[in-house]
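What follows is a short report on a single structure.
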Amino acid sequence: MKVIRGIKIGGLQQKIINLMLIFILALVCAYTAVSVYQQRNLTKTVQESSESQQGSIAAVSEETMKAILETSMTQTTALQAYIADDLFTDVRTDVLTLQAFATQLFLHQDSFADHPYYEPSASNGRTASVQVIHEEGVNPADSETLGLVANMSEIMLAMFEASDKMSGCFVGTADGNLLFVNDRSGAYVNADGTPLTLDVRNRPWYTQAAEAGELTFTGVELDAYTEIATLECAAPIYRNGELVAVVGADIFLTAISDYVKDKATDGGFVCVVNENGQVLFSPEQTGIFKAELSGSAPDLRQNENRELADFITKALREDTGLTQVNIDDKAYYMTGAPMASVGWAVISVVDQAVTHQPTDVMLGRYEEINEGSLSSYRDGAKRSARTVLVLTLVILLLASVGALVVASRVVKPLEHMTKRINALSGSDQAFEMEDMYRTNDEIEILAESFASLSKRTRNYITQITQITAEKERIGTELALATRIQADMLPNIFPAFPERSEFDIYATMTPAKEVGGDFYDFFLIDDTHLGLVMADVSGKGVPAALFMMISKILVQNFAMTGRSPAETLRAVNDQICANNREEMFVTVWFGILDTETGRVTAANAGHEYPAMLQSGGQFELVHDKHGFVIGGMEGMRYKEYELTLTPGSKLFLYTDGVPEATNAENELFGTDRMLEALNEDPTAPPEQILCHVRDAVDAFVKDAEQFDDLTMLCVEYQGKKEA
């Protein structure tokens, strides 16, 4: 045994040193093996957890999108069916009224003298008129009932002019004559002015009503003269059990067709199916849902695809809810709602592939996050390997205690992290940072990366779900609000086709989905026309609500016979009584005497009107302003008068016209407005408004519209001599 520098070679000390060295080497090897095992196990666990979370993301996203579609499509389809059904309900009521009147007419025919009737004349133009045509070989003068039913002329004319849904109404007699009302007289005469004939008793509306014995709707057919897709509602008239006539009304269906085409989007569309399972209206040009006339369209209830056939059958009876239907190896989500008055149904169709897009986006984002975290982990693992090598040398020098401490420091956090990740696999809980992972090395980096990944993934799913649902809800509500506001304002022109004393036209373009400006015009009595132009403070939905209240109050008080000043005073007091939001509205209100041309007006803080006297130029009328409506209770307003002569015009507007701003922040101004008005002062009101709008658009160009733009023009033409 030799002693070298205090160490006995071959003695107990060497053996102890050898044993320690063997122990340390074994410990280092064991530590290395455990670390490699834990890293591989962790990598496997991360991959399994990633796959599990991807599955969870896909499942949650699919269920969320399906729930949103369930609510959105079902409610939208039901609303569309309700709106469309309202069209047929109104026409049904009108036809029942004609049936009741005609029945009483035949029951008491001895009390009525024959009423005159007239053949169609091209000179009537687009004026609503009562006219008679007949079958080939039938002489109206020989009819025993035509003169009697002609007593319905006035009520039919009034009904047609009051309805915005029917395109005409009629009475077909059992002896081959047709008394009808519409505004298309020129369509029923030959080039030489002689009236056309019509096979009255063989028309679908006559035969179907006679066979049914009660009110009925025909299928969609082409109008006999205009070739426009139309539908008739008809009801039979009996006298002593014998069919003597059929009354009815025409409905041109272009509005529904245009509405269906406008609703088409990428991957989705709306169609209408009749009671026979035939597609009447659809934007599709090919395939199962292509629209065809009822005489040639297939019955989808008999389709060889039983899923589709059963769905159509159910939709004609009741609301279907969200249903998946497979057509030609493609999956679609569908909802349906019936239209009770005609037995039709509105069907909404969405390609299921469209609903997968949010899921694909989230999974792609998750893959990016996961790849970033794994990259950080791999970099940390490489640095850890180098650290282990250095630590091995240090352990060999510092002995077994240091090796055990280091091993414990490295292995235990990895084991705990692995167990924690395994416990989270397949659940919706989040991986959270713990003190054990705060080792100031790659283990802490990996733990922080995984905690951040887990948190961001959960937040992303929650945000996507909330944003998607809120966007659908807000979009539906704003679309409905826009339609409601548009319907509140007079929007059918010519507004009073039967009145020759004046011509009037108005437009309103809101800056947002809904606006605060409004115009109105209405006949207070036979000789007085009310004119309103107003601008509510603010924009958007609050201004739109305040606008509706103000419009109704102005019209209601005006219809009681109050003067303009009294009307504005009453409206102001009513609004101030409950105006906690402190909103206000500027109003110009005038009453035109259609016999004399005198205008009595009052101004509550609104823009100066512009007036054109016959043969002159448009000029501003610098009237005296009163205080705004809603600003202070008890305000009084002064009236003034304007006199219009035949050819005079009055132009009303809101501040959206003179305050229209271009990209250089310049205002359009009243001078430019007067130039546009005087571009062609003799033009009719509609063209006058077009000139002003074109001038504003040319000035503003691509700048954003910041305020509502509302205009009204009335031309006084004077009372025509009889």
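All values derive from a computational prediction rather than experimental measurement. The figures here come from the full heavy-atom set of this structure, side chains too, leaving out hydrogens, waters and symmetry mates.
In this structure Glu666 satisfies the salt bridge (Lys or Arg N to Asp or Glu O under 4.0 Å) test with no other residue, sequence neighbours excluded. Scored by the salt bridge (Lys or Arg N to Asp or Glu O under 4.0 Å) test, Arg693 finds Asp697 as partners (sequence neighbours excluded). With sequence neighbours excluded, no residue satisfies salt bridge (Lys or Arg N to Asp or Glu O under 4.0 Å) with Arg562.
Judged purely by distance below 3.5 Å, without hydrogens or angles, the side chains of Asn603 and His606 never pair a donor atom with an acceptor atom. Remark: the Glu232 side chain and the Thr218 side chain contain an N/O donor-acceptor pair separated by less than 3.5 Å. Side-chain contact check for Asn151 and Ser153: no donor-acceptor pair (N or O, by modelled atom type) lies under 3.5 Å.
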Exercise for the section: Please report the C-alpha distance between Phe502 and Phe496 in whole Å, then the side-chain angles of each, then the deciding distance to 0.1 Å, and finally whether the ring-ring contact (aromatic ring centres under 6.0 Å, His included) criterion is met. Expected result: CA-CA 9 Å; Phe502 59 89; Phe496 306 99; 5.6 Å; yes
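Among the candidates Leu652, Thr509, Leu489, Thr654, the single residue satisfying the side chain to side chain contact (heavy atoms under 4.5 Å, CB included) test with Thr710 is Thr654. Partner Phe521 forms a side chain to side chain contact (heavy atoms under 4.5 Å, CB included) with one of Leu712, Val532, Leu592 and no other, that one being Leu712.
Across all their heavy atoms, Ile504 and Phe493 have their closest contact at O-CD2, 3.7 Å.
For Trp344 and Phe217, the ring centers sit 6.0 Å or farther from each other.
Aromatic ring pairs are classed by plane angle as parallel below 30°, tilted from 30° to 60° and perpendicular above 60°; the pair His625 and Tyr608 is tilted.
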